[in-house]
Number of protein chains: 2
Amino acid sequence: MSPYELTAQQQRVVSYILSYRSQNGFPPTVREIAAAFGYRSPNNVRQHLRLIEQKGFIRLLPGKARGIEISASLAAGEYGEEGERGVPFIGSVAAGKPITAIENVDGYVTLDRSIFKGGGLFALRIKGDSMNGMGILNGDIVVVRKKSQAEPGEVVVVIIDGDATLKRFIRENGIIKLRAENPAYEDIVLDPGNSIQVAGKLVGVIRKYGG
Amino acid sequence: MSPYELTAQQQRVVSYILSYRSQNGFPPTVREIAAAFGYRSPNNVRQHLRLIEQKGFIRLLPGKARGIEISASLAAGEYGEEGERGVPFIGSVAAGKPITAIENVDGYVTLDRSIFKGGGLFALRIKGDSMNGMGILNGDIVVVRKKSQAEPGEVVVVIIDGDATLKRFIRENGIIKLRAENPAYEDIVLDPGNSIQVAGKLVGVIRKYGG
DNA sequence: TTGCATACTGTTCAAATGGACAGTATATTT
DNA sequence: AAATATACTGTCCATTTGAACAGTATGCAA
């Protein structure tokens, strides 16, 4: 076991602490954790806490009741530190404006920060079926990390005629193309003079069924 | 003094609690508050807390260490929304256990509640490609609403051999089938005696690329 | 003056809680 | 087979902590 990875049990304990804390406003006691998991000995929990502390995920304040301090990385997962409001949701894109400009922000989407880590994220709704081939459907919300340049092979958000569409950034024999993941669409070939606005790189998808 | 306004002292106490809490991750004890204000008696703080509670700004949880719950109005100023906790994330399914039993919970996933409304939600990771046809890929996290019975046409989570898989619930000529959204898979025909455990109904998908 | 609410001190007790000691069990690695 | 790490049970103790009882003081309104 890598020194910085938690075991399944330890992970469950951490999750419980986080959820208890966000529900009650303070961390659980050792005995409350034991009760939640059905442990008959508080000491078992202490052992877990010690190991979790050694791996740097929490800090135990000796002698203090409920003295479990969540370390920054986990706290971020809990309510997003800077972005507790979620990441900006971009409805439609006003021509000429940077994509995440206030003008474009139509709301905020809460993300799970333990899944979507890091900064510079935003969300937008995809129109069209050009990415059906990789399981992205019309109406899906995609999570994007801001980025103005694309690496070959990456799936990026490009702004075409005020609409955000996803395309795979391809370089073949020195020629740069934007390729849809759908055989019904043809590649868009970029001639060197032609510039297209890259807004960011695809990092996730959120889809809602019904309603 | 209006019944819903705090006195200057009470306000100082409240703001100390808030700042202590955001700094340490848990509320202070009565004695810690006393020490911070130079009070020589813990009872003075208790009196303050009682009055603050009467005015509705906090709630005291009797007998609990650091049992000071900040009421919604104050908490809102501190970190935005009310304590939304995530939905349980089910890693693998222990045979014979209800799917959301604590044994199965591997963590919690934060959802955007304006997208995924209502209760009874949980999340699990999908294995296999049986639902490729509707844009759900191997490894995707699906959001599911708990439900033990399926309506014809619904996509439901069924537990087969300890794995959660998605299938469309079909009724054709009175015969009930579970259909994969992938031509490579054949329908599973349920004879009346044969029972399969329905865990819930598909309401969403979350996918993460890279990492 | 007589209440009455707020703002304190001082003390004591019982419950809540952290934390130590002493084990058992079971994998996995060496 | 031995060593090691994780995952537990069970018990006990000292501290932390909430909470009660018994006061004092002060400003304010009836």
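Below, each value reflects all heavy atoms present in this structure, side chains not excepted, and no hydrogens, waters or symmetry copies. If you're wondering where the values come from, they're calculated on a predicted model, not measured in any experiment. Below, chains carry the letters A, B, ... as their sequence lines are ordered, and counting in each starts from 1.
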Do NZ/NE/NH1/NH2 and the carboxylate oxygens of B:Glu32 and B:Arg66 come within less than 4.0 Å?
yes
Atom pair distance, as rounded to whole Å: CD1 in B:Ile52 and P in C:dA5:
17 Å
Would you kindly compare A:Ser41 and B:Arg66 by the position of their nearest DNA chain C nucleotide and give the one closer to the 5′ end?
B:Arg66
If you compare every side-chain N and O of B:His48 against the phosphate oxygens of C:dA7 (OP1, OP2), does one of them come in below 4.0 Å?
yes
Between D:dT16 (C1') and A:Phe26 (CZ): distance, integer Å
16 Å
Return the nearest nucleotide to the side chain of A:Tyr39; candidates are D:dT17, D:dA20, D:dT9.
D:dT9
Under 4.0 Å between a side-chain N or O of A:Thr7 and OP1 or OP2 of D:dA5?
no
Please pick, from C:dA16, C:dC8, C:dT9, the nucleotide with the shortest atom-to-atom distance to any side-chain atom of B:Gln9.
C:dC8
Checking side-chain contact (heavy atoms from CB on, under 4.5 Å) for the pair A:Asp129/A:Tyr185: CA distance, chi angles, key distance, verdict?
CA-CA 9 Å; A:Asp129 54 0; A:Tyr185 290 78; 2.5 Å; yes
For a quick check of understanding: with a heavy-atom distance under 4.0 Å over all strands, which category does A:Arg31 fall into, base, sugar-phosphate or nothing?
base
Quick check on D:dT24: is either OP1 or OP2 less than 4.0 Å from any side-chain nitrogen or oxygen of B:Arg40?
no
Aromatic rings B:Tyr20 and B:Tyr16: how do their planes relate, parallel, tilted or perpendicular, breaks at 30° and 60°?
tilted
Side-chain heavy-atom pair B:Phe169, B:Leu178 within 4.5 angstrom cut-off:
yes
Selected nucleotide, minimal atom distance to B:Val30 side chain, candidates C:dT9, D:dG18, C:dT6
D:dG18
With nearest nucleotide decided by heavy atoms, which residue, A:Gly38 or B:Gly67, maps closer to the 5′ end of DNA chain D?
A:Gly38
Does C:dA7 have OP1 or OP2 under 4.0 Å away from a side-chain N or O of B:Gln10?
yes
Atom-pair distance (CG on A:Asn44; P on C:dT17), nearest Å:
18 Å
Please classify the nucleic acid contact of B:Leu60 as base, sugar-phosphate, or nothing, using heavy-atom distances under 4.0 Å.
nothing
To the nearest Å, give me how far apart CD1 (A:Ile33) and P (C:dA16) are.
17 Å
Correct closest heavy-atom pair for B:Thr110 and A:Asp112 would be N-OD2, 2.6 Å
d(CG, B:Leu61; C1', D:dT17) in whole Å
14 Å
Which is true for B:Arg12 with a 4.0 Å heavy-atom rule: it touches a base, it touches only sugar-phosphate, or it touches nothing?
nothing
Tell me which nucleotide among D:dA22, D:dA7, D:dT17 gets nearest to the side chain of B:Asn43.
D:dA22
When A:Arg179, A:Arg168, A:Lys167 are each screened for side-chain hydrogen bond (donor to acceptor under 3.5 Å, both in side chains) with A:Asp187, the one that passes is A:Arg179
Checking contacts here: which listed nucleotide (C:dT6, C:dT9, D:dT17) is nearest the side-chain heavy atoms of B:Gln47?
C:dT6
Test for a donor-acceptor pair under 3.5 Å between the base of D:dG18 and the side chain of B:Arg46, counting only N and O atoms.
no
Of the listed D:dT17, D:dA19, C:dT6, the closest approach to the B:Leu51 side chain comes from C:dT6
Which nucleotide in the set C:dG19, D:dT6, D:dT9 lies at the smallest distance from any side-chain heavy atom of A:Lys55?
D:dT6
Rounded to the nearest angstrom, tell me the gap between atom CG in B:Leu49 and atom C1' in D:dA20.
15 Å
For A:Phe37 and D:dC8, give me the distance from atom CZ to atom C1', rounded to whole Å.
14 Å
